[in-house]
Amino acid sequence: MVVPRLIERKRDGGTLTGDEWRELITRFTAGQVPDYQMAALAMAVFYRGLAPDELSALTDAMLGSGDRLHFKGEARPRVDKHSTGGVGDKTSLLLAPMLAACGVVVPMMSGRGLGHTGGTLDKLEAIPGFRTGLSLAQTEQQAREIGLAMIGQTAEIAPADGKLYALRDVTATVESIPLISASIMSKKLAEGLTGLVLDVKIGSGAFLPEPERALDLARTMIALGTARGCPTVALITAMDRPLGVACGNALEVVESIAGLRGEGPADLMAVTFALGVEMLLLAGLDSDAAAARRRLEGVIASGAALDRFRQMVAAQGGDDAVVDHPDRLPTAPVRVDVLAERAGVVAQVEPRALGRAIIELGGGRREVTDAVLPDVGLEVQAKPGHTVQRGDRLAVIHARSRDAADAVVATVRAAIRIGDTLPDILPLVAWRVTSAGASRYGDS
Ligand code: URA
């Protein structure tokens, strides 16, 4: 195999054969293809795309580069949810215990904050002692015993993706629909699932803001999953404003615990229930959305979902007393209110800028190797469409020092724009996409 010839062919709009993709990925994983050649190929794919057969071969090769969960003899359905990332999106922390309480096994593998978005692992690690680095064997055992495990990508799962993703991250080749699809699906297919729900974000805070590209991404991943025996469904949801109020690691754990007690913000709960309904339908536990929704409400009302969360925290080494005493989570020493400087209507609450302010406070990373602070972040009470008076509180900054808070006040204020007319906002859940096609949410 002469790698420069493959790069050349892709660069000029040609295709690689399945055997070529398999050999390339095997050799790349073994360290026999240098990073600069793989990065050049990723850029060629970024511009030229992949034919369906190439995408299948690449996904299978990345999946086959590592191990997977097997769940031999496990009769219960196994369903996961994956989001393309946002600000304030803590639905995973709610859904995994809710679904486990319903009788679904949820082996959830999540990521860290990426760019301006938050990451489930960073949020969970705000719980003192919580370990996300479980091996595959530990994950499978815990998921069998208590119905859920929430872990990070291990070196055992799709190592080719781990290497390729790190290269794409520093070579401006992340935003490619085939590369994102192969990356996400190679990891999800390694979880031994019987169903997968994708939450593909749209709006200014999403990696692919335009609905058409999000729909394309959803369709691509659904086709990959479905063809590999993992029925996959996607909801296209709004990320033109943060989800919920809390944005930042420990703050989001507190809000998730409130949600599991039935006291979560309305927008967060609406998206959580919409995704949870799809998970239950895929699991085959309910055959209609209304019954699925009642089942989810039931496990919150009974406390069963909160109990599963408590069990998971304990099983993964965390301080489970935080469930009843969220004040045991790390809290930032300084809080600064951001107040409205004029009366009007909240016209925009820009997630990308708010995500960057959280990074500035230390709650996210500038470099992959940065440590994140668990306690800092924002509570963003303002929502597009709210009427405000001068002096009303729009947000609270949680910071390590007064200087750190002052450094982001202007960014937070600019991100929450006050105007005079009601803004256009995206529906919280805009589209439902299945292998049969896409429909406006609620129409199907
Ligand atoms: N998340 C992933 O896991 N892979 C991508 O390529 C993009 C987001």
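No experiment lies behind these values; they were computed from the predicted model shown. Count residues from 1 along the sequence. Indexing begins at 1, ligand by ligand and atom by atom, following the structure's order.
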*asked:* Suppose we measure from atom 1 (N) of ligand 1 to each protein heavy atom; which comes out shortest, and what is that distance?
replied: Ile184 CG1, 3.9 Å

*In the protein, what heavy atom is nearest to atom 3 (O) of ligand 1, and what distance, to one decimal place, separates them?*
Lys187 NZ, 2.5 Å

*asked:* Under a 4.0 angstrom heavy-atom cut-off, which atoms of ligand 1 come close to Ser183?
replied: 2 (C), 3 (O), 4 (N), 5 (C), 6 (O)

*If you round to the nearest 0.5 Å, how far is NZ of Lys81 from CD of Glu278?*
13.0 Å

*asked:* Any nitrogen or oxygen of Tyr165, side chain or backbone, less than 3.5 Å from one on ligand 1?
replied: no

*Sub-3.5 Å N/O-N/O distance, His82 and ligand 1*: no

*Out of Leu41, Leu58, Asp19, which one pairs with Leu24 under the side chain to side chain contact (heavy atoms under 4.5 Å, CB included) rule?*
Leu41

_Step-by-step side chain to side chain donor-acceptor pair (under 3.5 Å) determination, Gln316 to Gln142_ = CA-CA 9 Å; Gln316 295 188 220; Gln142 181 182 313; 2.9 Å; yes

*Is the count of non-hydrogen atoms from other residues, nucleotides or ligands lying under 6.0 Å from Asp424 atom CG greater than 12?*
no

*asked:* Please identify which of these residues, Asp370, Asp169, Asp122, meets the salt bridge (Lys or Arg N to Asp or Glu O under 4.0 Å) condition with Arg365.
replied: Asp122

